[in-house]
Amino acid sequence: MPAGEPVNHGRRRFLTATTAVVGAVGAGFVAVPFIKSWNPSERAKLAGAPISADISTLEVGQRLILEWRGQPIWIVRRSQEILQALPTLDDQLRDPMSENPEQQPAYVLEGDAHMRSIKPEVSVLVGLCTHLGCSPEMKAEIRPQPFDANWKGGYFCPCHKSKFDMAGRVYEGVPAPTNLVVPPHHYENDTTIVIGVDPSQSNSQGAA
C-alpha cells in the first residue's frame, strides 16, 4: 500500500470474513475450517463458477464460510430452538415474508418463508450487510445482548448497528434496507451443497 494512502477498513473486514470462520459465543457454536480445496481457481470464482462443499460434518450451531464471486457465503446448521423462534419475530422485521424478489430465489420460500432455505435446518446466505457491505457478526445464541435485550439469535453489524435474524431477515429501524441475500444453490445429494446453480438448472443439466 503506498505511503499516505488511507486504510480501507471495510475491505479489511471483508477479507477477514472470507478467510476465516467466525464462531458464535455460547455452547455448541464452534469454528469449522475454511474450505479452500473444494473451490475453483481465483479466475473461475471471479467468473462466477459454482462451488461445492461437503456439509456432512457441519454440526448444529456451526457456520461454514466459503467464497463465491468474491463474496463470503455462510452455511449454518440451525438448531430447533432457532427454527422455533423465527416465526415469532415477524412484527419486528422490515420484510418478514421476504417479499423483495431480488434478495432470494423463489424456491427458498416454497416450504416455509420464515426459514428462507431449501432445508429448514440449513441456512445459506451472502455474508454482507445490505447497508454498506460490511460483514456482520454471528450472534446465534438466544440470550440478551447489549444491542437487544430480547435477542433471539442472528447477525449484528457493529459498524452501523444493523440487525438480522437467523434467516437473514432485517429488523425494523436499522440502516440496512433489505434482508441478507440468499444465493442460488441446490443439493447435489444429502451432504453436498452447490452454490451458484439453481435446482432447476441442476435438473436440466442432469437430463442433458
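None of these values were measured; they are calculated from a predicted model.
Put simply, CD on Q92 and CD on E172 are 10.0 Å apart, with the number rounded to the nearest 0.5 Å. A distance of 11.0 Å separates CD1 of I118 from OG of S123, quoted to the nearest 0.5 Å. Of the inter-residue distances, the one linking F164 atom CZ with L180 atom CG reads 4.5 Å to the nearest 0.5 angstrom. Within the model, atoms CE of M166 and CG of L89 stand 11.5 Å from one another, a figure rounded to the nearest 0.5 Å. Within the model, atoms CZ of R63 and CD1 of I73 stand 12.0 Å from one another, a figure rounded to the nearest 0.5 Å. The CD1 atom of I75 lies 10.0 Å from the CG atom of L125; values are rounded to the nearest 0.5 Å.
In the displayed structure, D91 atom CG is contacted under 6.0 Å by more than 12 heavy atoms of other residues, nucleotides or ligands.
Contact of the P105 side chain with the V182 side chain is registered, since non-hydrogen atoms from C-beta on lie closer than 4.5 Å. Two residues are said to be in side-chain contact when any heavy atoms from C-beta on lie closer than 4.5 Å; M115 and L86 meet this criterion. Annotation: side chain of S117 is not in contact with side chain of V122 (no heavy-atom distance under 4.5 Å). A heavy-atom distance below 4.5 Å is not found between the side chains of T130 and N179.
Between the side chain of R143 and the backbone N or O of G153, no donor-acceptor pair lies under 3.5 Å. Remark: side-chain polar atoms of H114 are not paired, donor with acceptor, to backbone N or O of D112 under 3.5 angstrom. Judged by distance alone, with hydrogens and angles left aside, the side-chain atoms of W68 form a donor-acceptor pair with the main-chain N or O of A49 at under 3.5 Å.
Applying the side chain to side chain donor-acceptor pair (under 3.5 Å) test to S162 and every residue at least two apart in sequence or in another chain returns nothing. Annotation: side-chain contact (heavy atoms from CB on, under 4.5 Å) contacts of E110 (sequence neighbours excluded): Y107. Judged as a side-chain contact (heavy atoms from CB on, under 4.5 Å), and not counting sequence neighbours, the contacts of Q84 are Q80. With sequence neighbours left out, Y155 forms a ring-ring contact (aromatic ring centres under 6.0 Å, His included) with W74. Evaluation of the ring-ring contact (aromatic ring centres under 6.0 Å, His included) rule for F147 yields W151, F156 as partners, not counting sequence neighbours. Every salt bridge (charged side-chain N to carboxylate O under 4.0 Å, His left out) that D90 has, sequence neighbours left out, goes to R169. Legend: residues meeting side-chain contact (heavy atoms from CB on, under 4.5 Å) with V194, ordered by chain and number and at least two apart, are P50, S52, H186, E188, V197. Take N100 and apply the side-chain contact (heavy atoms from CB on, under 4.5 Å) test, not counting sequence neighbours, and it matches D95, E102, Q103, T178. With sequence neighbours excluded, the residues forming a side chain to side chain donor-acceptor pair (under 3.5 Å) with N189 are T191, T192, listed by chain and number.
For residues 146-158, the salt bridge (Lys or Arg N to Asp or Glu O under 4.0 Å) pairs, not counting sequence neighbours, are D148-K163. Screening residues 113-133 for salt bridge (Lys or Arg N to Asp or Glu O under 4.0 Å), with sequence neighbours left out, gives no hits. Sorted by first and then second residue, the pairs that involve residues 121-145 and meet ring-ring contact (aromatic ring centres under 6.0 Å, His included), not counting sequence neighbours, are H131-H160.
Taking a cutoff of 4.0 Å between a charged side-chain nitrogen and a carboxylate oxygen, E137 and K139 qualify as a salt bridge.
Residues Q62 and T57 approach most closely at OE1-O, 3.5 Å, considering heavy atoms. Heavy atoms only, all atoms of each residue included: L109 and M97 are closest at CD1-O, 4.2 Å. Closest non-hydrogen pair, P158 versus K161, comes out as O-NZ, 3.4 Å. The nearest pair of heavy atoms linking A85 to T88 is O-OG1, 2.5 Å.
Residues D198 and S200 have side chains that never bring a donor and an acceptor to within less than 3.5 angstrom of each other.
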Would R77 and I55 count as a side-chain contact (heavy atoms from CB on, under 4.5 Å) if you check the C-alpha gap in whole Å, the side-chain angles of each, and the deciding distance to 0.1 Å?
CA-CA 9 Å; R77 191 174 295 277; I55 60 170; 4.1 Å; yes
